[in-house]
Amino acid sequence: MHEDNFGTPREVERTSPRQTSGFPSNLFFNEARLRAGWRLLIYIAIFFVLLAVSMFLLGLFFRPTRGVFSPSFQFFGELASFLAAFLAAWIMSHIEQRPAGIYGLPARGAFGKQFWLGGLFGFLQILALMGLIAAFGGYSFGSLAEHGLAIAKWALFWGVFFVVVGLFEEFFFRGYALYTLAEGIGFWPAAVLLSVSFGAVHLQNPGEGWVGVAGVVFVGLFWSFTLKRTGSLWFAFGMHATFDFGETFLFSVPDSGMVFPDHLSSATLHGPNWLTGGSPGPEGSVFDFLILAVFFFVFDRLYPARQELRNMPTIP
């Protein structure tokens with residue numbers, strides 16, 4: 001039984017074992033399959049090819065202006081990124097003769113209990129975080145920036161937008177990549193490596209900093225923990241989406257260093273960086289780390305370690 005890949009066992013091989021003695025076979029193959037590192041590289045290569053083609057076609061259709069925010073282009077760009085990540089995993093699932101759902105987004109349970117529980121956690125996280133920052137004098141809501149139907153319009157847009165963002169970022173960093181890398185080096189070493197990569201990618205955002213990146217890495221580890229205990233990404237996906245929505249639209253503050261237009265109010269953060277998170281936004285606040293530490297404890301009680309065994313698919 002393989003104990004590291006999301007708490008699920010290794011599937012029974014459908015082909016006869018490959019002879020792997022000697023160089024270069026040992027470099028590429030382990031037992032009967034291509035080594036995890038090579039499979040991950042193939043996945044990433046397929047993803048970037050699909051993404052490059054998608055973004056080229058989107059650029060022809062939308063013709064975005066550099067430096068000007070285009071809601072439509074941004075939304076379809078995130079959607080194309082998720083589809084590229086999922087399609088690349090689907091291709092790899094056929095190569096590896098595995099069901100695509102084993103990589104963290106099983107169709108069974110899609111947008112079900114775990115997703116909504118994750119959404120509740122994300123909402124409680126941003127509500128508690130902004131409440132604590134405000135209690136210490138670091139947040140002012142300001143005046144409404146949108147009125148009437150515009151509030152509903154942008155609330156709907158950002159809600160759907162962050163659902164897609166959550167799908168892409170969770171699946172790309174904690175889907176096929178984590179499943180495959182965990183097979184090679186173990187679950188938690190893989191989770192740490194990919195969470196650090198997840199944080200490093202955010203350094204490209206204007207206004208992001210190292211404290212904000214540390215917050216991204218920490219929440220990435222928490223989402224990896226929820227994946228380990230539940231066997232799927234649906235909880236993490238729901239939490240990711242609602243936290244980003246609350247941060248960007250409801251409280252109108254920077255999200256990983258970015259301030260998007262068309263948010264709810266003219267909110268401001270003021271005070272020391274340890275309180276407000278500085279330019280990266282509230283996810284760099286000391287309170288966010290404390291809240292996530294509490295979440296680790298709570299989730300461990302909701303999904304104790306023995307739950308991993310219950311969620312294991314049976315070997316045919």
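We number each residue from 1, following the sequence as shown.
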* Evaluation steps, side-chain contact (heavy atoms from CB on, under 4.5 Å), between M55 and F73 -> CA-CA 9 Å; M55 297 307 291; F73 181 77; 3.8 Å; yes
Please round to the nearest 0.5 Å and tell me the distance separating atom [atom1] of [X] and atom [atom2] of [Y].
{"X": "T276", "Y": "M130", "atom1": "OG1", "atom2": "CE", "result": "9.0 Å"}
{"X": "L50", "Y": "S81", "atom1": "CG", "atom2": "OG", "result": "11.0 Å"}
{"X": "E96", "Y": "I42", "atom1": "CD", "atom2": "CD1", "result": "8.5 Å"}
{"X": "I126", "Y": "L129", "atom1": "CD1", "atom2": "CG", "result": "5.0 Å"}
{"X": "E247", "Y": "H263", "atom1": "CD", "atom2": "NE2", "result": "12.0 Å"}
{"X": "F297", "Y": "L302", "atom1": "CZ", "atom2": "CG", "result": "10.5 Å"}

Could you check whether [Y] and [X] have their ring centres less than 6.0 Å apart?
{"X": "F235", "Y": "F225", "result": "no"}
{"X": "W158", "Y": "F260", "result": "yes"}
{"X": "Y303", "Y": "F299", "result": "yes"}
{"X": "F47", "Y": "F172", "result": "yes"}
{"X": "Y103", "Y": "Y179", "result": "yes"}

* Residues that E283 engages under salt bridge (Lys or Arg N to Asp or Glu O under 4.0 Å), provided they are two or more places apart -> none
Please check: side-chain N/O of [X] versus main-chain N/O of [Y], any donor-acceptor pairing under 3.5 Å?
{"X": "W234", "Y": "P106", "value": "yes"}
{"X": "T226", "Y": "W223", "value": "yes"}
{"X": "T180", "Y": "A177", "value": "no"}
{"X": "S232", "Y": "L105", "value": "no"}
{"X": "Y43", "Y": "A85", "value": "yes"}

* Quiz item: cation-pi between R174 and F198, 6.0 Å / 45° -> yes
* Run the numbers on I46 and W90 for side-chain contact (heavy atoms from CB on, under 4.5 Å), then give the verdict. => CA-CA 11 Å; I46 295 173; W90 180 80; over 6 Å; no
Least distance between heavy atoms, [X] atom then [Y] atom:
{"X": "M239", "Y": "L292", "answer": "CE-CD2, 4.1 Å"}
{"X": "L269", "Y": "I133", "answer": "CD2-CG2, 4.3 Å"}
{"X": "S252", "Y": "S265", "answer": "OG-N, 3.0 Å"}
{"X": "L178", "Y": "F173", "answer": "CB-O, 4.1 Å"}
{"X": "G284", "Y": "V211", "answer": "O-CG1, 3.3 Å"}
{"X": "P254", "Y": "S279", "answer": "CB-O, 3.7 Å"}

Would a single hydrophobic cluster contain both [Y] and [X], if residues Ile, Leu, Val, Met, Phe, Trp and Tyr are joined by side-chain heavy-atom contacts under 4.5 Å?
{"X": "F123", "Y": "F115", "answer": "yes"}
{"X": "V298", "Y": "I291", "answer": "yes"}
{"X": "L41", "Y": "I91", "answer": "yes"}
{"X": "V53", "Y": "L58", "answer": "no"}
{"X": "L57", "Y": "V164", "answer": "no"}

Taking [atom1] in [X] as the centre, count heavy atoms belonging to other residues, nucleotides or ligands within less than 6.0 Å. Is the count above 12?
{"X": "F61", "atom1": "CZ", "answer": "no"}
{"X": "F157", "atom1": "CZ", "answer": "yes"}
{"X": "W274", "atom1": "CH2", "answer": "yes"}

* Asked: When you look at F287 and L290, which way does the side-chain contact (heavy atoms from CB on, under 4.5 Å) test go after all the steps?
  -> CA-CA 5 Å; F287 288 125; L290 295 176; 4.2 Å; yes
With side chains defined as the heavy atoms from C-beta onward, is the minimum distance between [X] and [Y] less than 4.5 Å?
{"X": "F161", "Y": "T248", "answer": "no"}
{"X": "E78", "Y": "L167", "answer": "no"}
{"X": "L34", "Y": "I95", "answer": "no"}
{"X": "V165", "Y": "F162", "answer": "yes"}
{"X": "Q125", "Y": "D288", "answer": "yes"}
{"X": "V219", "Y": "F243", "answer": "no"}

Throw together a table of side-chain donor-acceptor distances under 3.5 angstrom for residues 137-156, partners on residues two or more places apart or in other chains.
{"unit_1": "Y139", "atom_1": "OH", "unit_2": "F251", "atom_2": "O", "d": "2.9"}
{"unit_1": "S140", "atom_1": "OG", "unit_2": "H270", "atom_2": "NE2", "d": "2.7"}
{"unit_1": "S143", "atom_1": "OG", "unit_2": "S266", "atom_2": "OG", "d": "3.2"}

* Asked: Knowing that exactly one of F168, F111, F171, F82 qualifies, which makes a ring pair (Phe, Tyr, Trp, His ring centres under 6.0 Å) with F237?
  -> F111
* Might you work through the side-chain contact (heavy atoms from CB on, under 4.5 Å) test for V216 and S256, ending with a clear yes or no? => CA-CA 8 Å; V216 172; S256 294; 4.2 Å; yes
* After noting the C-alpha distance and the side-chain angles of F62 and F75, does the key distance pass the ring pair (Phe, Tyr, Trp, His ring centres under 6.0 Å) rule? -> CA-CA 11 Å; F62 288 101; F75 172 78; 9.7 Å; no
